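Below, all heavy atoms of this structure are taken into account, side chains as well, without hydrogens, waters or symmetry copies. What you see is a predicted model; the values in this text were computed from it and never measured. All residue numbers in this chain count up from 1 along the given sequence.
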Amino acid sequence: MQAICDFVHRHVAFGYEHSRATRTAAETYAERRGVCRDYTHLAITFCRCMNIPARYCTGYVSDIGLPPPYAPMDFAAWMEVCLGGRWWVFDPRNNAPRLGRVLIAQGRDAADVPLTHTFGPNTLVGFRVWTDECAA
C-alpha cells in the first residue's frame, strides 16, 4: 500500500491551479498534476485494480506537529484502505503521517462526498476550521 502512495506522490505534481472537477484518475496519471482529490482518486484506482478495498475520505488535515508558519487549513482528501480486517489511513498527497485529521465524510469517490452540494446560485462568504492539540 505504501508503494502505491509513494508512486502517486512522486508521479503527480500538486497545484491548486491544476484543479478541474472533471479530471479522471486516468487523466491525473497522464497529465501528472492535480490536487489532493486527484492523488486520492489515482491511488484508489490502483487499489481497486489490485482488489484492495479502499474508500475516499474528505475533511481537514491539521497542522499539529508541523513547524510554523502554519498554512490556513484547507478541505482535503485522503483514503482509508482495508488491510488485515482493519481500515488504515493513507494520504498520497502529503504521504506522511499527520495528527488531528477531521473526517467529514467517506464514500467511493469525490462525487459521493463533496464539501457542499447545492442547487442554484450560492456564495460561501466564510468558513474557518482550526485544530488544537489536547492532552490524552
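Between Leu103 and Cys57, the shortest heavy-atom distance links the atoms CD1-CB, 3.8 Å. Contact between Cys47 and Val81 at its shortest, heavy atoms only, is SG-CG2, 4.3 Å. For the pair Cys36 and Ala76, the tightest heavy-atom approach, listed with the atom from each and the gap, is SG-CA, 3.7 Å. Closest approach of Met79 and Ala43 over heavy atoms only: SD-CB, 3.5 Å.
Partners of Glu133 by side chain to side chain contact (heavy atoms under 4.5 Å, CB included), not counting sequence neighbours, listed by chain and number: Ile64. Partners of Arg98 by side-chain hydrogen bond (donor to acceptor under 3.5 Å, both in side chains), not counting sequence neighbours, listed by chain and number: Asn94. Residues that satisfy the side-chain hydrogen bond (donor to acceptor under 3.5 Å, both in side chains) test with Arg101, not counting sequence neighbours, are Asp91. For Val113, the side chain to side chain contact (heavy atoms under 4.5 Å, CB included) partners at least two apart in sequence or on another chain are Tyr56, Thr58, Ala105. Here Asn95 pairs with Gln2, Cys5, Asp6, His9 under the side chain to side chain contact (heavy atoms under 4.5 Å, CB included) rule; sequence neighbours left out. The side-chain hydrogen bond (donor to acceptor under 3.5 Å, both in side chains) search around Arg108 returns Asp112, not counting sequence neighbours. Residues that satisfy the side chain to side chain contact (heavy atoms under 4.5 Å, CB included) test with Pro53, not counting sequence neighbours, are Cys82, Trp87.
Applying the salt bridge (charged side-chain N to carboxylate O under 4.0 Å, His left out) definition to pairs two or more places apart or across chains, those involving residues 44-58 are Arg55-Glu80. The salt bridge (charged side-chain N to carboxylate O under 4.0 Å, His left out) contacts involving residues 59-73 comprise nothing, where partners must be two or more places apart or lie in separate chains.
When side chains are defined from C-beta on, Arg23 counts as touching Arg33, because their heavy atoms get closer than 4.5 Å. Residues Glu31 and Arg20 have side chains in contact (heavy-atom distance under 4.5 Å, counting atoms from C-beta outward). Here the side chains of Ile4 and Pro92 are not in contact, with every heavy-atom distance at 4.5 Å or above. Side-chain atoms of Asp38 and Leu42, non-hydrogen and from C-beta on, never get closer than 4.5 Å to each other.
Between the side chain of His41 and the backbone N or O of Ala110, at least one donor-acceptor pair lies under 3.5 Å. Without hydrogens or angle criteria, Trp78 side chain to Val89 main chain gives no donor-acceptor distance under 3.5 Å. When atom types are taken as modelled, the side chain of Ser62 and the backbone of Leu99 share a donor-acceptor pair closer than 3.5 angstrom. Using a distance-only test at 3.5 Å, with no hydrogens or angles considered, a donor-acceptor pair links the side chain of Asn122 to the main chain of Gly120.
Through direct or relayed side-chain contacts under 4.5 Å between Ile, Leu, Val, Met, Phe, Trp and Tyr, Val125 connects to no other residue.
Atom CD1 of Ile52 sits about 9.0 Å away from atom CZ of Phe90, to the nearest 0.5 Å.
Other residues, nucleotides and ligands place more than 12 heavy atoms under 6.0 Å from the CZ atom of Phe75.
Tyr39 and Val61 are not part of a single hydrophobic cluster, where members link through side-chain heavy atoms under 4.5 Å apart. Following chains of ILVMFWY side-chain contacts shorter than 4.5 Å, one cannot reach Ile44 starting from Ile104, and the two form parts of different hydrophobic clusters.
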Donor-acceptor pairs under 3.5 angstrom involving side-chain atoms of residues 12-19: please list them, not counting sequence neighbours.
{"residue": "Tyr16", "atom": "OH", "partner": "Asp74", "partner atom": "OD2", "Å": "2.7"}

